[in-house]
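Below: one structure, written as structure tokens.
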Amino acid sequence: MAESSTAYEPQSIEAKWQRRWEESGLYRRVEDPSRPKHYALTMLPYTSGDLHIGHWYAMAPSDARARYMRMHGYNVWFPIGFDAFGLPAENAAIQRNIHPHQWTMDNVRHMRTQLRAMGAMWDWEHEAVSCLPGYYKWTQWFFLKFYERGLAYREVAPVDFCPRCNTTLAREQVWGEDRHCERCGTPVIRKELAQWFFRITDYADQLLVDMDQIDWPERVKTMQRHWIGRSEGAHVVFHSEAGDPIPVFTTRPDTLWGATFMVLAPEHPLVAKLTTSERKAEIEAYVESAGRQTEIDRLATDKEKTGVFVGAYAVNPVNDERVPIWIADYVLTGYGTGAIMGVPSHDDRDFAFALKFGLPIVPVIDRPDRLAKSLVFPGSVRDGFAAELDALGIAYEEGPVGTVGLGLYVTLQGEEQIDGYVAVMQRYLQPGNWNEIVGARFLFVFDDGVRALDSVESDRAILARCKAIYPPVGENRTVMEMLNSLPFYRDVLLHAEYGTMINSGDFTGRPGETAKADVIRWIEERELGHAEVNYRLHDWLISRQRMWGAPIPMVYCPSCGVVPVPEEDLPVLLPDDAAFLPTGESPLKYHHGFLNTTCPRCGGAATRETDTMDTFMCSSWYNYAYVSPYYEGDVPFDPEAGRYWLPVDQYTGGIEHATMHLLYTRFFTKVMRDMGLVAFDEPMERLFCQGMILGEDNEKMSKSRGNVVNPDDYVSTLGADSVRAFLMFIGPWELGGSWSSTGIEGIYRFLNRVWSVVTDSSTTAIPAEATAEEIADLRRYTHQAIRDVTRDYEAFKFNTALASLMKYNNVLLKAQASPVYGTDAWREATRSLVLMLAPITPHLAEELWERLGGAYSVHDERWPEWDPELAADRVVTLVVQVNGKVRARIEAPAEIEEADAKELALGQENVQLHLQGLQIRQVVYVPGRLVNIVAR
RNA sequence: GCCGAAGUGGCGGAACGGUAUACGCGGUGGUCUCAAAAACCAUUGGAGGUUGCUCCUUGUGGGUUCGAAUCCCACCUUCGGCACCA
């Protein structure tokens, strides 16, 4: 084989094998019911034009895993396609005067070439491009089916809008604190538009429950659970004094008696009606400013609360208390009913709001921890008070109170201590003083008696008494505001736990375990409201005011109203002569040929819907489209092929899709199941999410940073196999990592060393015969490598798989110059090395396999198996510790007995040295690993 | 802010509660060469020391344990998502 021992030249072998694989149809899909199928899928790339290193990072390991499954006997199908609708194509159209279709398809052609260079096992015969009519016909078909099932509806919803460009803006097109248009700098306004929604909330519970049947990363499931945000509570109707019903959703109906105000979202439909004339200007200004903020800003809990009183009052239905109505940006229209009851004593945000605006705060749920505090002011009690506290076993600390002297900081635990404390306080309180107990109870001890904070009136009365005694506290508007000025009390002023109801009329004393359910039953009986489940998830807004998307197949007829396009008329084609305005406005609105049509129902003149669909629609069913792209039957894909291949067995993609794409595609599958298109609940059985590849400077790659890595450059110099292997070597796939131009050279060197281990016969073997021990050593390394590498592939740990392969190759480099060279064990070693590298470096492995005399193709070979007997270590290193510190290491036979190990350990000189003057208490033995001698 | 994740040598990272720093990069010294590159060999966490050793080190502070990078609590920092980027 001397003539084939040339240098490793990736360029020639990669081209050679890519051609050969294609010619022989190695990766072509075959339906073979005799073998277990494996549908491997990686998230489809967007047609950005250039294959970024990020695409390689997502796809190469996914391919390696698919190849690994293939070597385990699975009939693997690994399709590919393109997500081809979207904003960048329109921007290109405006900037370069090129039709989005042409721009996109040029990109597709270029990307296909780049993708082929990766040497992945893609089945190109089932490629699908989402912007082609044969594809989006079915995207539109899904819209019609959802509409038929009552899952699509039209409703007015706000969009970010640039008044100058006359166009809707995506979130990424809105820049800066002042939220201006990225193109022209004009401040963005909110505009209400009629838009189409999908009723994903109908499936909220199924999306939650079915998570149990899929093998997805726990973090993705958790994110989806939070995203769906199921909460059980009650729908309760308050009324304004004028009689307008104001429904609220609350998860805590047991706190209804503590609702001392209401807050509406600034966009709430009743705001204009409720606002009194003198408040109008202020309210309008606030509504305007709230509308300009993002939801993220509005919900930030660390910012100062803002809000405005509308001037009107509502009535709390459970106790007929009059409560003021406010608007504030922390209440959103999209969640619940867009209005809340403010319970400041048991909700952080309501507490902060009430404190800021001087609204009364009345506790209505007992603290389950029974903790209370009291600050005894200097000079407010007679001598001997502290001794009484000692006698009762009450904890306190003496400390300065401002600049007035030393006071007592008392902490009380439980009823007995609180009652005892109040009794003592009543006896010792100096005239002209008061003392308060805060937390488990809110009690004010005055010299003529005790007053509890148990209602809005008591709040006023207590404050008035205190003010009379010490006028400066009169600046406070509520008792809580006064208490909040003392930092000592801040952690006991409110709590959000369930507990026994207090200050709640007939419900006072109701235990926390049943409080919520009991109150719901009671309000249902009185028809004040009812139990309700609320979701944070809201319906999916699928309308986009864009041209480059699948047109929504709907027609507006002056006489028939909203009419769906008949199925047989699909697809509603995008015009190929649309004129793009430099503003970015959708040309569909001005394209007469597209816009004007006839009503499918009455045949009269009608207009088309000009909005297109969210591109997440296209990617919600692409895993089905691949089965039979641009299918011409009466369902979106060939049912027979679908029965064999579906669902996806292994899906991989970025964690950034955790909540949106991955939730939408699950929703689609559930609707498809209900339509009878598929017989399963979930589209992807197993999911792995990779992290993000960063630039050499550890920053996200971007053109502006100048740290973008072009894979093509490295493919042409070091080869696709080096790029693939390096990307897998960087670190754990799920965590991402940063590119390194020197790191990839290290991989290239490694592949060269593999090459020389397998092909180099110039190192003449030492004439001596290999001993049985040398053979056993080599075989042990081989079988340990197979064991470790197999485990790593199983767990998607390509980085450690490569580390083990490198280590193994280093061993083989040494063995090459020893008598084992050329033995059967050597042949087993090199074959195993090549087989284990095949998924990561498919070209190199194929070439080396051929040189080893293997039959075409290495990718049809079976994965090597390891023999535990052969892999077992003969000698182990026993670590000897004294009190947990390593004091000696002993080479010992692997099967050493506990007693022998301990004896050996104690015999070590350095161990004896450290045991001097100490008494052995315990000896811990971990078989084959360590002996820890505990001595004092 | 909320939700999710991660912090280990000069760098990327490895470590079933049991030898911290595997593997690779980089550095240093050497071999080869007229020279350089490549390749190969050796060495490489920090501090101290009498070759044998000792001490310190896994973001910070506590805790559990014979033993903690690993488990628990609190905090700090960085990254991803937050509904019209895909």
Side-chain angles (χ1 to χ4, degrees), chain A residues 43-48 83 85-88 159-160 168-174 195 217-220 222-227 229 294-303 330 334 536-546 614-616 618-619 654-661 663-664 689 691-692 694 698-700 726 729-732 734-747 749-750 752-753 756 797 799-800 802-807 810 813 877-887 889 909-910 913 921-926 929-935:
Chain A
M43 288 180 187
L44 80 179
Y46 172 68
T47 50
S48 55
D83 189 14
F85 274 134
L87 203 50
V159 292
D160 286 328
T168 304
L169 299 178
R171 204 167 63 105
E172 66 157 18
Q173 296 176 300
V174 179
Q195 307 191 72
E218 211 42 57
R219 61 173 167 154
V220 174
T222 308
M223 277 195 244
Q224 292 207 349
R225 275 188 203 105
H226 286 297
W227 188 258
T294 66
E295 199 163 300
I296 295 169
D297 293 337
R298 285 178 59 163
L299 287 175
T301 48
D302 65 335
K303 68 161 193 178
Y330 78 97
R536 205 185 74 97
L537 177 73
H538 40 80
D539 280 340
W540 176 13
L541 196 171
I542 58 135
S543 293
R544 298 290 181 269
Q545 292 74 47
R546 312 261 172 225
D614 181 0
T615 54
F616 277 127
C618 313
S619 56
I655 184 74
E656 66 273 19
H657 294 288
T659 46
M660 303 182 65
H661 162 64
L663 203 60
Y664 295 146
C689 287
M692 197 184 290
L694 303 174
N698 280 323
E699 300 283 344
K700 206 170 174 172
F726 178 63
F729 184 63
I730 288 176
E734 71 273 22
L735 296 183
S738 30
W739 180 262
S740 160
S741 49
T742 50
I744 189 170
E745 282 171 30
I747 286 287
R749 281 199 284 270
F750 161 63
N752 270 289
R753 285 194 293 267
S756 72
K797 297 181 101 184
N799 59 326
T800 48
L802 271 161
S804 297
L805 287 167
M806 287 174 177
K807 204 170 164 179
N810 290 343
L813 274 166
T877 306
L878 269 186
V879 169
V880 186
Q881 299 180 331
V882 176
N883 288 329
K885 290 203 185 230
V886 180
R887 297 302 177 193
R889 293 186 170 89
E909 200 184 318
N910 199 36
L913 216 65
R921 299 282 171 91
Q922 191 191 346
V923 181
V924 180
Y925 177 63
V926 181
R929 282 187 171 273
L930 99 168
V931 179
N932 185 16
I933 301 155
V934 186

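By convention in this document, chain letters (A, B, ...) are assigned in the order of the sequence lines, proteins followed by strands, and residues within each chain are numbered from 1.
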*Between A:E699 (CD) and B:C79 (P), how many Å, whole number?*
7 Å

_What contact category does A:F616 fall into here, base, sugar-phosphate, or nothing, at under 4.0 angstrom with non-hydrogen atoms?_
base

*Atom-to-atom span, CE of A:M692 to P of B:A5 - whole angstrom*: 17 Å

_Roughly how many Å apart are B:C66 and B:U31, using the C1' atom of each and rounding to a whole number?_
50 Å

_Does A:N883 form a side chain to side chain contact (heavy atoms under 4.5 Å, CB included) with A:V934? I'd like the steps, not just the answer._
CA-CA 5 Å; A:N883 288 329; A:V934 186; 3.8 Å; yes

*What does A:N799 touch in the nucleic acid at a heavy-atom separation under 4.0 angstrom: a base, only the sugar-phosphate, or nothing?*
sugar-phosphate

*asked:* Is the phosphate of B:C53 approached by A:R889 (side-chain N or O, under 4.0 Å from OP1 or OP2)?
replied: no

*Could you check how far OH of A:Y664 sits from C1' of B:C82, rounded to whole Å?*
11 Å

*Nearest non-hydrogen partners of A:C618 and A:D83, listed with the distance*: CB-OD1, 4.4 Å

*Which is true for A:P88 with a 4.0 Å heavy-atom rule: it touches a base, it touches only sugar-phosphate, or it touches nothing?*
nothing

*Under 4.0 Å between a side-chain N or O of A:K885 and OP1 or OP2 of B:C56?*
yes

*B:G17: pairing nucleotide in any strand, Watson-Crick or G-U under 3.5 angstrom*: none

_d(CG, A:L735; P, B:G13) in whole Å_ = 8 Å

*Is there a donor on the side chain of A:R546 or the base of B:C84 sitting less than 3.5 Å from an acceptor on the other?*
yes

*Determine the contact category for A:H538: base if any of its heavy atoms lies under 4.0 Å from a base atom, sugar-phosphate if only primed atoms, P, OP1 or OP2 are that close, otherwise nothing.*
base

*How far does the P atom of B:A14 sit from the matching atom of B:G24, given to the nearest Å?*
15 Å

*State, to 0.1 Å, how close A:A658 and A:M223 come at their nearest heavy-atom pair, and which atoms those are.*
CB-SD, 3.9 Å

*Mind checking who B:G26 pairs with, Watson-Crick or G-U wobble, both distances under 3.5 Å?*
B:U44

*Is B:G9 in the syn or the anti form, by the rule that syn lies within 90° of 0?*
syn

*With a non-hydrogen cut-off below 4.0 angstrom, is A:E734 in contact with a base, only sugar-phosphate, or nothing?*
nothing

*Can you tell me, in whole Å, how much space there is between the C1' of B:A6 and that of B:U60?*
16 Å

*Between B:C25, B:G18, B:G24, spot the one nearest the side chain of A:L930, thanks.*
B:G18

*Kindly assign one of parallel, tilted or perpendicular to the pair A:H657 and A:F616, based on the angle between their ring planes and the thresholds 30° and 60°.*
perpendicular

*asked:* Within the 4.0 Å heavy-atom criterion, would you say A:L87 contacts the bases, only the backbone, or no part of the nucleic acid?
replied: sugar-phosphate

*With heavy atoms under 4.0 Å as the rule, sort A:S543 into base, sugar-phosphate or nothing.*
base

*asked:* So A:N910, base contact, sugar-phosphate only, or nothing? Heavy-atom distance under 4.0 Å.
replied: sugar-phosphate

*asked:* If the cut-off is 4.0 Å, is A:R219 near the phosphate of B:C3, judged by side-chain N/O to OP1 or OP2?
replied: no

*Could you give the CG-to-P distance, from A:L537 to B:A83, as a whole number of Å?*
13 Å

*Under 4.0 Å between a side-chain N or O of A:N698 and OP1 or OP2 of B:U78?*
no

*Side-chain N or O of A:R544 closer than 4.0 Å to phosphate OP1/OP2 of B:C84*: yes

*Describe the nucleic acid contact of A:W227 in one word from base, sugar-phosphate, nothing, applying a heavy-atom distance below 4.0 Å.*
base

*Whole-Å distance separating the CD1 atom of A:I730 from the P atom of B:G26*: 15 Å

_Along RNA chain B (nearest heavy atom to each residue), the more 5'-positioned of A:G736 and A:L44_ = A:G736

*Counting any heavy atom closer than 4.0 Å, what does A:Q545 reach on the DNA or RNA strands: base, sugar-phosphate only, or nothing?*
base

*Any side-chain N or O of A:R749 under 4.0 Å from OP1/OP2 of B:C25?*
yes

_Measuring to OP1 and OP2 of B:C2, would you say a side-chain N or O of A:H226 lies under 4.0 angstrom away?_
no

_Please give me the minimum heavy-atom distance between A:M660 and A:W227, naming the atom from each residue._
CG-CZ2, 4.3 Å

_Is the phosphate of B:A83 approached by A:R536 (side-chain N or O, under 4.0 Å from OP1 or OP2)?_
no

*At under 4.0 Å between heavy atoms, what does A:V923 touch on the DNA or RNA strands: base, sugar-phosphate, or nothing?*
nothing

*NA contact type, A:V879, heavy-atom cut-off 4.0 Å: base, sugar-phosphate, or nothing?*
base

_Separation between the P atoms of B:A35 and B:A47, rounded to whole Å_ = 35 Å

*Pairing nucleotide - B:A39, Watson-Crick or G-U, each distance under 3.5 Å*: B:U31

*Nearest to the side chain of A:V886 - B:C53, B:C23, B:U19?*
B:U19

_Most 5' of A:Q195 and A:R929 on RNA chain B, judged by nearest nucleotide_ = A:R929

*Nucleotide paired to B:C82 in any strand shown, Watson-Crick or G-U, under 3.5 Å*: B:G1

*For B:A20 and B:G30, measure between their P atoms and round to the nearest Å.*
33 Å

*Taking all non-hydrogen atoms of both residues, which atom of A:V159 and which atom of A:Q195 are closest, and how far apart?*
CG1-NE2, 3.2 Å

*How is A:Y46 classified with respect to the nucleic acid when contacts are heavy atoms under 4.0 Å: base, sugar-phosphate, or nothing?*
sugar-phosphate

*Give a yes/no answer on whether the side chain of A:K700 brings an N or O atom under 4.0 Å of OP1 or OP2 in B:G80.*
yes

*Would you call the rings of A:W739 and A:F726 parallel, tilted or perpendicular, where under 30° means parallel and over 60° means perpendicular?*
perpendicular

_Measuring from the side chain of A:M660 (C-beta onward, heavy atoms only), which nucleotide among B:G80, B:A83, B:G24 has the closest atom?_
B:A83

*Could you tell me whether A:D160 contacts a base, only the sugar-phosphate backbone, or nothing, with contacts defined as non-hydrogen atoms closer than 4.0 Å?*
nothing

_Output the rounded distance in Å from CG (A:L663) to C1' (B:G81)._
13 Å

